[in-house]
Amino acid sequence: MATNNQENLDAFKNTQSEVKIDTDRKLKVGIIGTGWIAGAHMVNYMKMPDVEIVAAADLVPGKAREFMDRYENTDCRCYLSGHEMLENEPDLDAVSICTYNRQHAPCAIDALEHGVNVLLEKPFTVTVDEAVEVMRAEKKSGKILSIGFQPRFNPNMQMLKKYVQSGELGKIYYIQTGGGRRRGIPTPFGTSFIEDKTAGIGAMADIGCYSLDMVLNAIGYPKPLTVTGFTSSYFGKDPSYFTAEGKPAEYAELFGVDDFAGGFIRLEGDIFLDFRISWAMNMDTAGDTLILGTKGGLRIPSTECWNGSIGGPMKVYRTLPNSATEVCWEIPMLENTNEGEFFYKLRSFLDAVKNGGTSPVPSSQIIYNQAIIDGIVRSSKLGHEVEVEIPEI
């Protein structure tokens, strides 16, 4: 067992070799939405000698120009909408869509219809019907659509997937996952995360989709069949929460999304998923992630302020064959090498664009992630279990 673990570690270390970038062909990239997350895109694109950020768009007058000036990109052309940018930039190879949630679908569809490859920040969309429409536009365009799940490019996440798919745990039958913040409603960036008209969904969209992707990707993304869900907003609708944080009490009146959500999901393959996520709660953690199989179990430690990462060394629990001896192995943490997972999120997308490859985080997987979130919302409103139905793409 220890030998297999070491072989997995060594194999993974070989996958994060130094990135070699072909600079013979430059890629022209635009950014739609120049808020907080766009900064991470910009910083990492600037590390790539084959990328030119030629255009940016934001609905707030002057915001895109101010954003680009901050990065000393004075030659970048700026627009007041993604559509205006796409109409006036026929040579774009790709766009990063960094808007608030409710603009994900229309901006992605527009870009794909203009024949531009799309890196779409998470969450995929707000509803599963929106996600289906984006996928139809993707299929019609023949362009690459990748969803922004950078934790996939963390070495520990990749180790997790490799270990689960090695068969060492046997048949997976139960998963507990989620994440929680004791106090972590994301209002330092204004109210776009908490208003229904901009966000549509709250903690599930911000951090819940990460925890779902962590386990679903590890087990091969089986289709969700049914969902029983619950959402609440007790903290977000309490003015005292915001005044205690030094923010306006009026935020409570604007709050229109979930600050807590939970769900029981039945997956294909007779797997049961127990999920919970929180921006605010009277608890230090919503619990570790557990993956239970017929041959062994895996514990993935939670983090203090959950953001799609692993909180410490993973532990494997097994009973040795033909023995009553119970053992526990620890899988050592791996350090990020080179540029980190956000860089690789962008780089893998651009390499697929340049080389005619496939999407590194494909919509065909993330539609199931979105369907679970959509199912939790619907189930919570109806007060009973719902079936997951995904229309034909």
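Here, residue 1 is the first one in the sequence, and each next residue gets the next number. All values reported here derive from a predicted model rather than from experimental measurement.
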Just wondering, are more than 12 heavy atoms of other shown residues or ligands nearer than 6.0 Å to NZ in K197?
no
Checking R276 side chain against F260 main chain: does a donor-acceptor pair fall under 3.5 Å?
no
Pair E89-Y79, side-chain donor/acceptor within less than 3.5 Å:
yes
Report yes or no: do L225 and I219 belong to one cluster of Ile/Leu/Val/Met/Phe/Trp/Tyr joined by side chain heavy-atom distances under 4.5 Å?
no
Within a 6.0 Å radius of atom OH on Y234, are there more than 12 heavy atoms belonging to other residues, nucleotides or ligands?
no
Once rounded to the nearest 0.5 Å, what's the spacing between atom CD1 of I32 and atom CG of L59?
10.0 Å
With clusters defined by side-chain heavy atoms of hydrophobic residues (ILVMFWY) lying less than 4.5 Å apart, directly or transitively, does M46 cluster with V95?
yes
If you measure from the Lys or Arg side-chain nitrogens to the Asp or Glu carboxylate oxygens, is any gap between K237 and D259 under 4.0 Å?
no
Should the pair E121-K345 be classified as a salt bridge under the 4.0 Å nitrogen-to-oxygen rule?
yes
Kindly check if the number of other-residue, nucleotide or ligand heavy atoms within 6.0 Å of NZ (K47) is above 12?
yes
Is any side-chain heavy atom of P155 less than 4.5 Å from a side-chain heavy atom of Q158?
no
Mind checking whether M42 and F342 sit in one hydrophobic cluster, side chains of I, L, V, M, F, W, Y counted as touching below 4.5 Å?
yes
Answer yes when D206 and R181 have at least one side-chain N-carboxylate O distance shorter than 4.0 Å, and no when they do not.
yes
ILVMFWY cluster, V29 and V43 together (side-chain gap under 4.5 Å):
yes
Which distance, rounded to the nearest 0.5 Å, do you find between the CG of L216 and the CD1 of I366?
8.5 Å
Consider only side-chain N and O atoms of Y221 and D213, and report whether a donor and an acceptor are under 3.5 Å apart.
yes
Step-by-step side chain to side chain contact (heavy atoms under 4.5 Å, CB included) determination, V257 to I201:
CA-CA 5 Å; V257 296; I201 39 180; 5.6 Å; no
State whether the number of non-hydrogen atoms from other residues, nucleotides or ligands found under 6.0 Å of E387 atom CD is greater than 12.
no
L334 reachable from I310 in the ILVMFWY side-chain graph, under 4.5 Å edges:
yes
Are the aromatic rings of F255 and Y251 close, with centres under 6.0 Å apart?
no
Which class fits the ring pair F272 and F264: parallel under 30°, tilted 30 to 60°, perpendicular over 60°?
parallel
So with a 6.0 Å cut-off around NZ of K381, is the heavy-atom count from everything else above 12?
no
Roughly how far, to the nearest 0.5 Å, is the CG atom of D374 from the CZ atom of R378?
5.0 Å
Start with the C-alpha gap between M333 and M159, add the side-chain angles, then the distance that decides, and say whether side chain to side chain contact (heavy atoms under 4.5 Å, CB included) holds.
CA-CA 9 Å; M333 292 284 284; M159 173 64 77; over 6 Å; no
Nearest-0.5 Å distance that lies between atom CZ in R102 and atom CG in D196
4.5 Å
Under 3.5 Å: donor-acceptor pair, side chain of E52, backbone of K26:
no
One thing to verify: whether K63 and E66 come together as a salt bridge, which I'm taking to mean a side-chain N less than 4.0 angstrom from a carboxylate O.
no
Should the pair E245-R183 be classified as a salt bridge under the 4.0 Å nitrogen-to-oxygen rule?
no
List the steps and the verdict of side chain to side chain contact (heavy atoms under 4.5 Å, CB included) for Y45 and L27.
CA-CA 11 Å; Y45 279 137; L27 292 172; over 6 Å; no
Give a yes or no on whether R266 atom CZ has more than 12 heavy-atom contacts from other residues, nucleotides or ligands under 6.0 Å away.
no
List the steps and the verdict of side chain to side chain contact (heavy atoms under 4.5 Å, CB included) for N369 and F149.
CA-CA 11 Å; N369 189 307; F149 283 83; 4.1 Å; yes
Which of D50, D351, D93 passes salt bridge (charged side-chain N to carboxylate O under 4.0 Å, His left out) with R25? Answer is D93
If we count only N and O atoms by modelled type, under 3.5 Å, do the side chains of D238 and S240 hold a donor and an acceptor together?
yes
In Å, rounded to the nearest 0.5 Å, how long is the span from CD1 of I172 to OG1 of T294?
7.5 Å
Please round to the nearest 0.5 Å and tell me the distance separating atom CG of L212 and atom OH of Y368.
15.0 Å
CG (D270) with more than 12 external heavy atoms under 6.0 Å:
no
Within the supplied structure, the quantity of interest is the number of heavy atoms (other residues, nucleotides, ligands) at a distance under 6.0 Å from K28 NZ; does it exceed 12?
no
